[in-house]
Amino acid sequence: MGSPLQAIRGMNDVLPDEAHGWLAFEEIIRNTMYRHGYRNIRTPLLEHTGLFRRAIGEVTDIVEKEMYTFTDELNGEQLTLRPEATASTVRAAIEHSLTYNGPVRLWYAGPMYRHERPQKGRYRQFHQFGAEGLGFAGPDVDAELIVMCAALWKELGLDGIRLELNSIGSSEERASHRVELVEFLETRVDALDADAKRRMHTNPLRVLDSKNPVVKEATRNAPVLMNFLGEQSLAHFDGLKKLLAAAGVPFSVNPRLVRGLDYYNLTVFEWITDQLGAQGTVCAGGRYDGLFEQIGGKPTPAVGWAAGIERLLALWQAAGRVPAPKAPDAYVVHQGEGAAECALLVAQVLRAAGHSVIQHAGGGSFKSQMKKADGSGARIALIVGEDEVRAGELTLKFLRRDASQQKIRRDALVAAFGNALLESTQ
RNA sequence: GUGGCCGUAGCUCAACGGUAGAGUCCCAGAUUGUGAUUCUGGUUGUUGUGGGUUCGAAUCCCAUCGGCCACCCCA
C-alpha cells in the first residue's frame, strides 16, 4: 500500500482468484446475448468529449464533474474516457449506417470511467455490459430487452432483483409537467434541502427522486408526470406492461423513477437489489428515441440498458453461484535422467488430445513436486522417473480418490489417460 | 465532492505508551521416488507513507495515500 507505485484510486486489478469468476460471468453474458439475437459491437474507450456532452447532457452530474477529460497534447483534441457506452454505440451506428437495412440488435461489454468517490460497487474504472435495440419504435423491443435481463438473472441463479418501471413520456409532455412541478415546488421551497433547491430549476424531476424523508414528504402530492402523458405515450407504456405480464416478468411502476442521463424518453426502468447497500441499481435503461438526431444522425428510435458487472458479480459471489475454477486434468511430476524431456512430450500429447496438463517446472524433490501436484487441484498425477523412462511407461496416481496407482504404457498414453480420467470422476 | 470509521507478516487478526506476536500460508525434515492427515524445525514486517509530541510511539497529534460506510451519484 505504501509502495511508491500503486494502481490509480478506484481502478482495481482483478487477480486470478477472482478473474475466473469474471470469465464465467462473461461467458454467460455472451451466451445470453447470442440466444436473444444480439450482435457484439466494440467501440473505442476514448471518444471526442463533444460526443458525451451532446449525448448525456451538459447539466448532468456525469458531464459536469465525473468525466476523465483531457487534451491530447499531440494534436490538441479534447478527449474523454467513455463514462458509458450508449453514446459510442449510437455514434458508431450513425458513422457506419448500421441501421441502413433496418433495425439492429447490439451488445457490448467493457470498462467505463467516472471520477466518483470510490465505494463498494462504485469504482472509477468499472465494467458494464449492455444491449441496444436500434431502429425499433414499438414496446415489443422494450419488452424483449427487459425479458432478456430476467433470463440473465435466472441463468446466473440470482433472485431478489426487482424491476421498477416508469414512462417519462415525450419531451413536450415532460415540459408541460415541468411547468406545474416547478410551480408546486416553489410553494414548498421551505421544506426543500439544498440539493433539492438547486435541482428545482436545473432538473426538477430529480427532486422527486430525493432520498431525504423531509423532501419526500413535502413532495408527496407533487404533480405526477404520468398524468401528463398523451395517448401515444400511454399506449406505448400499456403495450410494454402487457407484454411483460404475458412473459411472466413481475414489475412495479414507480412514477418517480427518472434517469440521470438526458437522452431518455418514454420507457425507463431499473433492476434493483437490496443486497448492495447504496449501490443497489444493478441494471438500468430505457428508450432514447431522440439520441440519434441529437448527435447528428437521422431520427431513429432506440432503446437499451446497461448493467454493472462488478455489482452483479458481488451478488453472484454472495449467492455462492460462482462456479469453482476448473482444475487441470493432470500434473506431470518428473525427476532424473531423461525425465524432463519425456514429461514434456507426455504433456504435449495429452494437451493435443484436449486435456489440461501442468508440467512441473522449477525443480525440487519428488515430495515437493507431489505437493504442487496436489495444490494444483489436478485429478491425476503423472510420474516420470528414470525407471519409467527406461521402461517406456508412466506412473499414474489418482489424487482425488483412494485407488492404487498404476503403470501406463507411453504408446497407449491418450487412451489410458482418457480412461483414468473417467474413473477419476466416479 | 461532504461526513464518519479503519490501515500491523502473502492472508485473517492480536498487542492500545515500554523488546512487534499468533493462526494460516510457504520451505525443510520425520518418509534417501509419492500429495492431501499428523509431528518437528525454519523464513516472513521500514506497523500504508511523511512529519510532530515523548526518555520511549503500532499505540497520542497533524498531514497525505488507500479501504469501508453513509450522503451524493449511478451500473
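Basis for what follows: all heavy atoms, side chains included, without hydrogens, waters or symmetry-related copies. Just so it is clear: chains get the letters A, B, ... in the order the sequence lines come, proteins before strands, and each one is counted from 1.
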* How close or far is atom P of B:A36 from atom CZ of A:R401, stated in whole angstroms? -> 20 Å
* For atom P, what is the distance between B:A9 and B:C71, given to the nearest Å? -> 31 Å
* For A:D195 and A:R198, run salt bridge (Lys or Arg N to Asp or Glu O under 4.0 Å): C-alpha distance rounded to whole Å, both residues' side-chain angles, the deciding distance at 0.1 Å, then the answer. => CA-CA 5 Å; A:D195 274 331; A:R198 184 170 47 80; 2.9 Å; yes
* Asked: Above 12 or not: heavy atoms from other molecules or residues under 6.0 Å from CZ of A:R39?
  -> no
* Kindly say if A:R206 contacts the phosphate of B:C74, meaning a side-chain N or O under 4.0 Å from OP1 or OP2. => yes
Please set out all donor-acceptor pairs under 3.5 angstrom arising from side-chain atoms of residues 356-363 of chain A, sequence neighbours excluded.
{"from": "A:H360", "atom 1": "ND1", "to": "A:Y331", "atom 2": "OH", "distance (Å)": "2.7"}
{"from": "A:H360", "atom 1": "NE2", "to": "A:G363", "atom 2": "O", "distance (Å)": "2.5"}

* Distance between C1' atoms of B:A28 and B:U19 (Å, rounded) -> 29 Å
* Quick one: do the A:E155 and A:T32 side chains pair a donor with an acceptor below 3.5 Å? -> no
* Qualifying residues under side-chain contact (heavy atoms from CB on, under 4.5 Å), relative to A:A415, sequence neighbours excluded -> none
* To do: Go through residues 9-46 of chain A and report each residue with a non-hydrogen atom lying under 4.0 Å from RNA chain B, sorted by number.
  => A:R9, A:G10
* Structure fact -> A:Q128 has its side chain closest, among B:G33, B:G35, B:A75, to B:A75
* Looking at the rings of A:W271 and A:W305, which for Trp means the six-membered one, are their centres under 6.0 Å apart? -> no
* **Pairwise 5' ranking along RNA chain B for A:A7 and A:E84, keeping only the more 5' one** => A:A7
* To do: May I have the distance from A:L276 (atom CG) to B:A75 (atom P), rounded to whole angstrom?
  => 15 Å
* Asked: What integer number of Å spans the C1' atoms of B:A15 and B:U47?
  -> 11 Å
* Asked: Any idea which of B:U2, B:U34, B:C71 is nearest the A:M370 side chain?
  -> B:U34
* To do: Starting from the C-alpha separation in whole Å, work towards a yes-or-no answer on salt bridge (Lys or Arg N to Asp or Glu O under 4.0 Å) for A:D209 and A:K216.
  => CA-CA 8 Å; A:D209 206 25; A:K216 274 188 171 172; over 6 Å; no
* Asked: According to the salt bridge (Lys or Arg N to Asp or Glu O under 4.0 Å) rule, which pairs have a member within residues 250-268 of chain A, sequence neighbours left out?
  -> A:R259-A:E270
* Is A:E388 touching bases, backbone alone, or none of the nucleic acid, heavy atoms closer than 4.0 Å? -> base
Using a cut-off of under 3.5 Å, enumerate the N/O to N/O pairs linking the protein to nucleotides 23-32 of chain B.
none

* Rounded to the nearest angstrom, tell me the gap between atom CD in A:E116 and atom P in B:C74. => 8 Å
* **P gap between B:G21 and B:A36, integer Å** => 29 Å
* **Among B:A75, B:G35, B:A70, the one nearest A:A284 by side-chain distance** => B:A75
* Taking the side chain of A:D387 as heavy atoms from C-beta outward, which of B:A75, B:G35, B:G33 is closest to it? -> B:G33
* **Distance, rounded to the nearest Å, where A:Y331 contributes OH and B:U34 contributes C1'** => 13 Å
* Asked: With a 4.0 Å cut-off on heavy atoms, is A:Q279 in touch with a base, just the backbone sugar-phosphate, or nothing at all?
  -> base
* Asked: Quantified in whole Å, what is the C1' atom distance between nucleotide B:C55 and nucleotide B:G41?
  -> 39 Å
* Using the P atoms only, state how far B:U24 lies from B:C62, rounded to an integer number of Å. => 39 Å
* Measure the distance from CD1 on A:I62 to P on B:G1 and round it to the nearest whole Å. => 17 Å
* Nucleotide of B:C74, B:C72, B:G33 approaching A:T281 most closely (side-chain heavy atoms) -> B:C74
* Residue-level proximity of residues 303-315 of chain A to RNA chain B when a heavy atom falls under 4.0 Å -> A:A306, A:G308, A:R311
* Atom NZ of A:K65 and atom P of B:U2: how far apart are they, to the nearest Å? -> 12 Å
* Whole-angstrom distance between B:G17 and B:A30, as gauged at atom P -> 47 Å
* Side chain of A:R117: nearest nucleotide among B:C74, B:G33, B:C69? -> B:C69
* Where the side chain of A:Q405 is concerned, which of B:G33, B:U34, B:C72 is the nearest nucleotide? -> B:U34
* Asked: Nearest-Å distance, CD (A:Q119) to P (B:C6)?
  -> 18 Å
Can you give the donor-acceptor pairs under 3.5 Å from side chains of residues 44-66 of chain A to other protein atoms, not counting sequence neighbours?
{"from": "A:E47", "atom 1": "OE1", "to": "A:R91", "atom 2": "NH1", "distance (Å)": "2.9"}
{"from": "A:E47", "atom 1": "OE2", "to": "A:S88", "atom 2": "OG", "distance (Å)": "3.2"}
{"from": "A:E47", "atom 1": "OE2", "to": "A:R91", "atom 2": "NH1", "distance (Å)": "2.5"}
{"from": "A:T49", "atom 1": "OG1", "to": "A:Q78", "atom 2": "O", "distance (Å)": "3.2"}
{"from": "A:T49", "atom 1": "OG1", "to": "A:L79", "atom 2": "N", "distance (Å)": "3.3"}
{"from": "A:T49", "atom 1": "OG1", "to": "A:L79", "atom 2": "O", "distance (Å)": "3.3"}
{"from": "A:T49", "atom 1": "OG1", "to": "A:T80", "atom 2": "OG1", "distance (Å)": "2.8"}
{"from": "A:R53", "atom 1": "NE", "to": "A:E58", "atom 2": "OE1", "distance (Å)": "3.2"}
{"from": "A:R53", "atom 1": "NE", "to": "A:E58", "atom 2": "OE2", "distance (Å)": "3.4"}
{"from": "A:R53", "atom 1": "NH2", "to": "A:E58", "atom 2": "OE1", "distance (Å)": "3.1"}
{"from": "A:T60", "atom 1": "OG1", "to": "A:G57", "atom 2": "O", "distance (Å)": "2.8"}
{"from": "A:T60", "atom 1": "OG1", "to": "A:V63", "atom 2": "N", "distance (Å)": "3.4"}
{"from": "A:D61", "atom 1": "OD1", "to": "A:K65", "atom 2": "NZ", "distance (Å)": "3.4"}

* Smallest separation among heavy atoms of A:H201 and A:V182, with atom names -> CE1-CG1, 3.9 Å
* Asked: Counting only side-chain N and O atoms of A:R400, is one of them less than 4.0 Å from OP1 or OP2 of B:G35?
  -> no
* Asked: Knowing that exactly one of A:E144, A:R30, A:E132 qualifies, which makes a side chain to side chain donor-acceptor pair (under 3.5 Å) with A:Y38?
  -> A:E144
* d(CD, A:Q6; P, B:G67) in whole Å -> 8 Å
* Structure fact -> The answer to which of A:G277 and A:G280 contacts RNA chain B further toward the 5' end, by nearest nucleotide, is A:G277
* **Non-neighbouring partners of A:A137 that pass side-chain contact (heavy atoms from CB on, under 4.5 Å), sequence neighbours left out** => A:P301
* To do: Report the stems of RNA chain B as range-with-range entries sorted by first number; a stem here is at least three consecutive pairs, Watson-Crick or G-U wobble, both distances under 3.5 Å, and write none if there are none.
  => B:1-7 with B:65-71, B:10-13 with B:21-24, B:26-30 with B:38-42, B:48-52 with B:60-64
* All ring-ring contact (aromatic ring centres under 6.0 Å, His included) counterparts of A:H115, not counting sequence neighbours -> A:Y68
* State which residues pass side-chain contact (heavy atoms from CB on, under 4.5 Å) with A:A318; sequence neighbours excluded, sorted by chain then number. => none
* For B:G23 and B:U40, measure between their P atoms and round to the nearest Å. => 11 Å
May I have the list of side-chain donor-acceptor pairs in residues 404-414 of chain A shorter than 3.5 Å, sequence neighbours left out?
{"from": "A:K407", "atom 1": "NZ", "to": "A:T395", "atom 2": "OG1", "distance (Å)": "3.2"}
{"from": "A:R409", "atom 1": "NH1", "to": "A:A391", "atom 2": "O", "distance (Å)": "3.2"}

* Test item: A:R400 side-chain N/O and A:D374 main-chain N/O as donor-acceptor pair under 3.5 Å -> yes
